[in-house]
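Numbers for residues simply follow the sequence, beginning at 1.
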Amino acid sequence: QVQLVESGGGLVPPGGSLRLSCVASGATLASYAIAWFRQVPGKEKEAVSCIDSDDIVYYGDSVKGRFTITRDNAENTVYLQIHSLKPEDTAVYYCAAVSVTFEHIIVTPDSWFVPSDYDYWGQGTQVTVSS
């Protein structure tokens with residue numbers, strides 16, 4: 001069973017940058033597609049980005065052009081580099097994983113963003129954008 005731990009969140013001013021990390025243990029990260037979601041209290045999870053086992057990437061409309069997802073399989077880590085942060089980016093950011101066994105039916109341009117399709121979740125890291 002894969003375990004995921006997010007880190008890198010914090011308090012930043014508008015226009016600032018952060019790099020979030022998702023470190024996997026208990027399994028080889030290369031065998032999973034990894035997605036980032038974010039959530040504010042009382043709201044549903046919003047899909048942010050996803051990277052599949054072939055390094056195909058997807059981005060939500062609200063973050064495209066500002067967020068970059070990358071994978072370092074040697075470090076068993078997925079990163080989310082964030083630039084030009086806005087107050088509306090404030091949320092708890094979660095990483096989530098699904099095995100490549102199911103990737104072909106889950107991680108597609110029309111379906112990668114469904115939280116319930118992912119089997120493993122981290123504890124989240126808080127990002128707060130405020131001046």
Side-chain angles (χ1 to χ4, degrees):
Q1 178 174 309
V2 63
Q3 301 172 68
L4 305 174
V5 178
E6 304 95 333
S7 63
L11 175 64
V12 296
S17 298
L18 283 173
R19 187 180 71 165
L20 307 184
S21 299
C22 175
V23 180
S25 62
T28 302
L29 186 62
S31 299
Y32 294 84
I34 305 294
W36 286 95
F37 293 83
R38 64 188 184 186
Q39 187 173 37
V40 298
K43 302 295 184 181
E44 297 295 315
K45 291 184 177 69
E46 177 190 14
V48 174
S49 186
C50 180
I51 183 167
D52 74 10
S53 60
D54 295 314
D55 286 345
I56 303 299
V57 300
Y58 304 91
Y59 296 99
D61 289 341
S62 64
V63 306
K64 186 174 294 185
R66 299 186 298 119
F67 288 28
T68 303
I69 189 170
T70 57
R71 175 196 295 267
D72 187 339
N73 288 336
E75 298 294 329
N76 234 26
T77 302
V78 168
Y79 300 98
L80 188 68
Q81 182 69 52
I82 310 173
H83 297 291
S84 301
L85 278 160
K86 305 174 181 179
E88 52 263 44
D89 294 321
T90 296
V92 176
Y93 284 70
Y94 299 91
C95 62
V98 61
S99 170
V100 295
T101 302
F102 309 103
E103 187 178 17
H104 67 290
I105 58 173
I106 292 172
V107 184
T108 75
D110 296 322
S111 65
W112 65 271
F113 45 81
V114 182
S116 61
D117 284 343
Y118 292 83
D119 298 315
Y120 308 100
W121 292 79
Q123 85 292 339
T125 185
Q126 176 72 48
V127 172
T128 303
V129 184
S130 177
S131 59

Between atom CZ of Arg19 and atom OG1 of Thr70, what is the distance when rounded to the nearest 0.5 Å? 7.5 Å
With rounding to the nearest 0.5 angstrom, report the NE2 to CG distance, His104 to Asp52. 13.0 Å
Identify the heavy atoms of Gln1 and Tyr120 that sit nearest to each other, and give their distance. CG-CE2, 3.6 Å
Between Gln3 and Val23, does the side-chain contact (heavy atoms from CB on, under 4.5 Å) criterion hold? Intermediate values first, please. CA-CA 8 Å; Gln3 301 172 68; Val23 180; over 6 Å; no
Minimum-distance pair of heavy atoms, taken over all atoms of Leu20 and Gly9: CD2-N, 3.6 Å
Are Phe102 and Val100 linked, directly or through other ILVMFWY residues, by side chains that come within less than 4.5 angstrom of each other? no
Does Asp55, at its CG atom, have more than 12 non-hydrogen atoms belonging to other residues, nucleotides or ligands within less than 6.0 Å? yes
So, Thr77 side chain and Glu75 main chain: donor-acceptor pair closer than 3.5 Å or not? yes
Can a side-chain donor-acceptor contact be found between Ser62 and Glu88 if the only test is distance below 3.5 angstrom? no
Quick one: OH on Tyr32 to CG on Asn76, what's the gap to the nearest 0.5 Å? 10.0 Å
For the CD1 atom of Ile56 and the CD1 atom of Ile51, what is their distance to the nearest 0.5 Å? 9.0 Å
When the ring planes of Phe37 and Tyr118 are compared, do they come out parallel, tilted or perpendicular, using 30° and 60° as the limits? perpendicular
Over all heavy atoms of both residues, which pair between Val12 and Ser17 is shortest? Give the atoms and the distance, please. CG1-O, 4.2 Å
Residues passing the side-chain hydrogen bond (donor to acceptor under 3.5 Å, both in side chains) test with Ser130, sequence neighbours excluded, are none
From Arg66 atom CZ to Gln81 atom CD, the distance as rounded to the nearest 0.5 Å: 12.5 Å
Nearest heavy-atom contact between Pro14 and Ser131 is CD-N, 3.7 Å
Is the shortest side-chain heavy-atom distance between Ile69 and Tyr58 below 4.5 Å? no
Of the non-hydrogen atoms in Val98 and Val107, which two are nearest, and what is the gap between them? CG1-CG2, 4.0 Å
If hydrophobic clusters are built from ILVMFWY residues whose side chains come within less than 4.5 Å, do Phe113 and Tyr93 share one? no
Pro115 and Lys45: which non-hydrogen atoms are nearest, and at how many Å? CG-CB, 4.0 Å
When clusters are formed by joining ILVMFWY residues with side-chain heavy atoms under 4.5 Å apart, either directly or through shared neighbours, do Trp36 and Tyr94 land in the same one? no
Given the rule that I, L, V, M, F, W and Y join up when any side-chain heavy atoms are under 4.5 Å apart, are Ile82 and Val129 in one cluster? yes
Decide yes or no for Cys95 and Val78: does some side-chain heavy atom of the first lie under 4.5 Å from some side-chain heavy atom of the second? no
Do the side chains of Val57 and Trp112 join up, straight or via other hydrophobic residues, at under 4.5 Å, putting them in one cluster? no
If I take atom OG from residue Ser53 and atom CD1 from residue Ile34, how far apart are they, to the nearest 0.5 angstrom? 10.5 Å
Report yes or no: do Thr28 and Ser31 form a side-chain donor-acceptor pair below 3.5 Å? no
Step by step, work out the side-chain contact (heavy atoms from CB on, under 4.5 Å) result for Val63 and Arg38. CA-CA 11 Å; Val63 306; Arg38 64 188 184 186; 3.9 Å; yes
Under the 3.5 angstrom rule, does the side chain of Glu6 hit a backbone N or O of Gly124 as a donor-acceptor pair? yes
